Amino acid sequence: MTSVSPHKKAKALKSTSRRPAKELCSECGLCDTYYIHYVKEACAFINQQIGGLEEETHKRSRDLDNENELYFGVHQDMIAARKQQPIEGAQWTGIVSSIAIEMLNRGLVEGVVCVQNTKEDRFQPMPVIARTPEEILAARVNKPTLSPNLSVLEQIEKSGMKRLLVIGVGCQIQALRAVEKELGLEKLYVLGTPCVDNVTRAGLQTFLETTSRSPDTVVHYEFMQDFRVHFKHEDGSSETVPFFGLKTNKLKDVFAPSCMTCFDYVNSLADLVVGYMGAPFGWQWIVVRNDTGKEMLDLVQDQLDTQPVMSQGNRKEAVQQSIPAYDKGVTLPMWAAKLMGVVIEKIGPKGLEYARFSIDSHFTRNYLYVKRNYPEKLAAHVPEFAKRIVGQYKLPE
Ligand code: FAD
């Protein structure tokens, strides 16, 4: 074995330099390392290549004629689950942190790429390679901002680690898969979460200030399956705001341009995905994409309550109506928003149909955004599965 790295290297960019993807950069961290050499192929926003990488990673492509695969990507199983003993302070019940801890404790991996926060700011991401369960636990809960998780990739090679778990969102994982062979690892495990509508740290502040009654005390929030944003505050109190009451006109420009052009909501290239949107309220949603993902999930099976995934309702009408409403930045008065929230919670889509509602709404919006702002990218950047999903709806010009 040679100690000299076989792959090509380039000098990492300074943090202030303009990124190759320009305004579409999602700050995944690749360009903060010498792996920037590969950015033109690896970047999810310069070279969308989900189809090819899916085949390489999962050994088969997504079956576009199977509705569940069309929407949720290559998978061998989907379940709803929650930890019997939730981890205090986790985003949901802490399934992600628990899997990572088991993998480390059982010696399957030597380190875990995850993201803690800085001392000064609970929402400022600080990617680390965790080597102890305590360091993994310190990374629990979402940092709901663009996070340069891949910025620690250079440290992996320097540390000599050969077995690694990476936790991350779709754009990070797409770039990671593209450089996977260059990392010198014997085994890479990838634990993904779905991700949508992410923001810069400054954008997050705008979101909190326009939406929460007390922006400075928010410790946790989630857009949940009951069509409400749930905020948790420092003093333990909670606050809910109906989706339909969000100040769409003010929030339209808050989301990062990368996220407005993203079609990898479900993290297609992870081995195992842990989210919530395909599960009943209060439960997490797990997508096992391949045998590696199954091996990871098996480690925590005895810590989980599980149930089969379910699907109820019909999203199509609600999605079609929301397209022009979003496009025009319509905001309902709060009483109407609350009423609409109650009605849609009773009769609206649930389980996998809720997940499809969310995917349809975001893909139609993002398709329009790419078409209007980057028409030259439309053909190559939008994956085939997303074109099919968007094709079910009538879009404004
Ligand atoms: P925990 O045990 O609390 O662990 C959370 C893990 O997330 C930690 O290991 C941490 O390293 C990692 N993490 C935190 N912030 C980031 C970040 N910015 N980038 C990369 N990794 C991060 N699920 C859905 O079903 N639908 C959604 O629309 C959706 N949007 C999301 C948006 C973002 C920005 C993120 C980070 C996650 C999103 N998820 C979504 C996933 C969901 O919110 C939970 O993270 C997931 O269910 C795991 O919960 P947990 O309690 O098991 O996680």
Side-chain angles (χ1 to χ4, degrees), residues 26-29 72 78 80-83 86-104 112-117 122-130 133 135-152 165-173 175-176 190-201 203-204 207 219-225 229-230 243 255-256 258-259 262 264-267 270 272-287 297 300 303-304 309 351-352 354-359 361-362:
S26 70
E27 298 172 27
C28 75
F72 309 127
M78 278 199 280
R82 60 182 179 206
K83 282 209 72 197
I87 295 181
E88 171 87 28
Q91 183 69 15
W92 282 74
T93 70
I95 294 178
V96 167
S97 299
S98 302
I99 292 173
I101 289 171
E102 281 305 318
M103 292 184 71
L104 200 62
V112 177
V113 174
C114 52
V115 52
Q116 301 176 346
N117 56 286
R122 65 169 71 96
F123 289 136
Q124 183 66 49
M126 188 177 76
V128 296
I129 305 176
E135 287 168 348
I136 293 171
L137 277 178
R140 72 192 184 282
V141 81
N142 291 0
K143 272 43 84 177
T145 53
L146 301 178
S147 172
N149 283 24
L150 301 187
S151 62
V152 297
L165 168 66
V166 175
I167 300 172
V169 298
C171 54
Q172 299 158 358
I173 301 309
L176 175 73
V190 179
L191 177 45
T193 67
C195 181
V196 80
D197 287 353
N198 216 341
V199 290
T200 59
R201 183 63 188 86
L204 173 63
F207 169 74
V219 288
H220 168 288
Y221 74 85
E222 190 73 89
F223 285 71
M224 291 213 193
Q225 301 101 319
V229 190
H230 290 237
F243 289 0
F255 304 127
S258 53
C259 305
C262 170
D264 194 21
Y265 194 168
V266 297
N267 212 325
L272 182 71
V273 178
V274 180
Y276 63 88
M277 65 182 178
F281 185 71
W283 290 73
Q284 292 187 258
W285 171 57
I286 301 187
V287 185
L297 180 61
V300 299
Q303 304 175 30
L304 303 179
V309 282
L352 294 180
Y354 175 87
R356 285 186 284 262
F357 165 82
S358 193
I359 290 170
S361 311
H362 286 96

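These numbers come from the heavy atoms of this one structure, side chains and all, not from hydrogens, waters or symmetry mates. Both counts, for ligands and for their atoms, begin at 1 and track the order of listing. Source: prediction; values computed, not measured.
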With nothing but distance in play, are any N or O atoms of [X] less than 3.5 Å from an N or O of ligand 1?
X: Ile167; value: no
X: Val141; value: yes
X: Leu146; value: no
X: Ile95; value: yes
X: Gly94; value: yes

For [X], state whether at least one heavy atom is located under 4.0 Å from any atom of ligand 1.
X: Ile87; answer: no
X: Pro125; answer: no
X: Gln172; answer: yes

Test item: side-chain donor near acceptor, Trp283 and Gln225, under 3.5 Å
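Trp283 vs Gln225: no donor-acceptor pair found between side chains.
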With rounding to the nearest 0.5 angstrom, report the CE to CD1 distance, Met277 to Ile359.
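Here the interatomic distance stands at 4.5 Å.
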From Leu165 CG over to Cys114 SG, what is the distance, rounded to the nearest 0.5 angstrom?
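Taking CG in Leu165 and SG in Cys114, the distance rounds to 8.5 Å.
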Quick test of your reading of the structure: of [options], whose heavy atom lies closest to [atom]?
atom: atom 23 (N) of ligand 1; options: Tyr276, Trp92, Trp283; answer: Tyr276
atom: atom 28 (O) of ligand 1; options: Phe223, Trp285, Tyr265; answer: Tyr265
atom: atom 2 (O) of ligand 1; options: Ser97, Gly275, Pro194, Cys114; answer: Ser97
atom: atom 48 (C) of ligand 1; options: Gln91, Met224, Gln284; answer: Gln284

Please examine the side chains of [Y] and [X], heavy atoms only from C-beta on, and report whether any two atoms are closer than 4.5 Å.
X: Phe243; Y: Val229; result: yes
X: Met78; Y: Leu352; result: yes
X: Arg140; Y: Gln91; result: no
X: Met224; Y: Trp92; result: yes
X: Phe223; Y: Val196; result: no
X: Leu104; Y: Pro133; result: yes

Between Gly192 and Asn267, which heavy-atom pair has the shortest distance, and what is it?
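Closest approach of Gly192 to Asn267, heavy atoms only: CA-ND2, 3.3 Å.
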Which residue is it: Ile173, Val274, Val166? I am looking for the one with a side chain to side chain contact (heavy atoms under 4.5 Å, CB included) to Leu191.
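Result: among Ile173, Val274, Val166, Val274 is the only option passing the side chain to side chain contact (heavy atoms under 4.5 Å, CB included) with Leu191.
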Interfacing atoms of ligand 1 (cut-off 4.0 Å, heavy-atom, [X]):
X: Asn198; value: 34 (C)
X: Thr145; value: 18 (N)
X: Val196; value: 28 (O), 30 (N)
X: Glu222; value: 42 (C), 43 (O)
X: Asn149; value: 20 (C), 21 (N)
X: Cys195; value: 30 (N), 31 (C), 32 (C), 33 (C), 34 (C)
X: Thr193; value: 37 (C), 41 (C), 45 (O)

Nearest protein heavy atom to [atom], by residue and atom, and its distance?
atom: atom 10 (C) of ligand 1; result: Ala139 O, 3.3 Å
atom: atom 15 (N) of ligand 1; result: Lys143 N, 2.8 Å
atom: atom 6 (C) of ligand 1; result: Val96 CG1, 3.8 Å
atom: atom 35 (C) of ligand 1; result: Asn142 ND2, 3.4 Å
atom: atom 46 (C) of ligand 1; result: Val274 O, 3.3 Å
atom: atom 13 (N) of ligand 1; result: Val115 CG1, 3.4 Å

Please check if the side chain of Gln284 supplies one atom and the backbone of Thr93 the other of a donor-acceptor pair under 3.5 Å.
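Yes; at least one donor-acceptor contact below 3.5 Å.
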Would you please indicate if the ring centroids of Phe281 and His230 are separated by under 6.0 Å?
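They qualify: ring centres under 6.0 Å apart.
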Looking at the rings of Trp285 and Tyr354, which for Trp means the six-membered one, are their centres under 6.0 Å apart?
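Aromatic pair excluded; centres sit 6.0 Å or further apart.
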Can you tell which part of Ser147 has a heavy atom less than 4.0 Å from ligand 1: side chain, backbone, both or neither?
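The part of Ser147 near ligand 1 is the side chain, not the backbone.
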How are the rings of Tyr221 and Phe123 set to each other: parallel, tilted or perpendicular (split at 30° and 60°)?
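Plane angle over 60°, so perpendicular.
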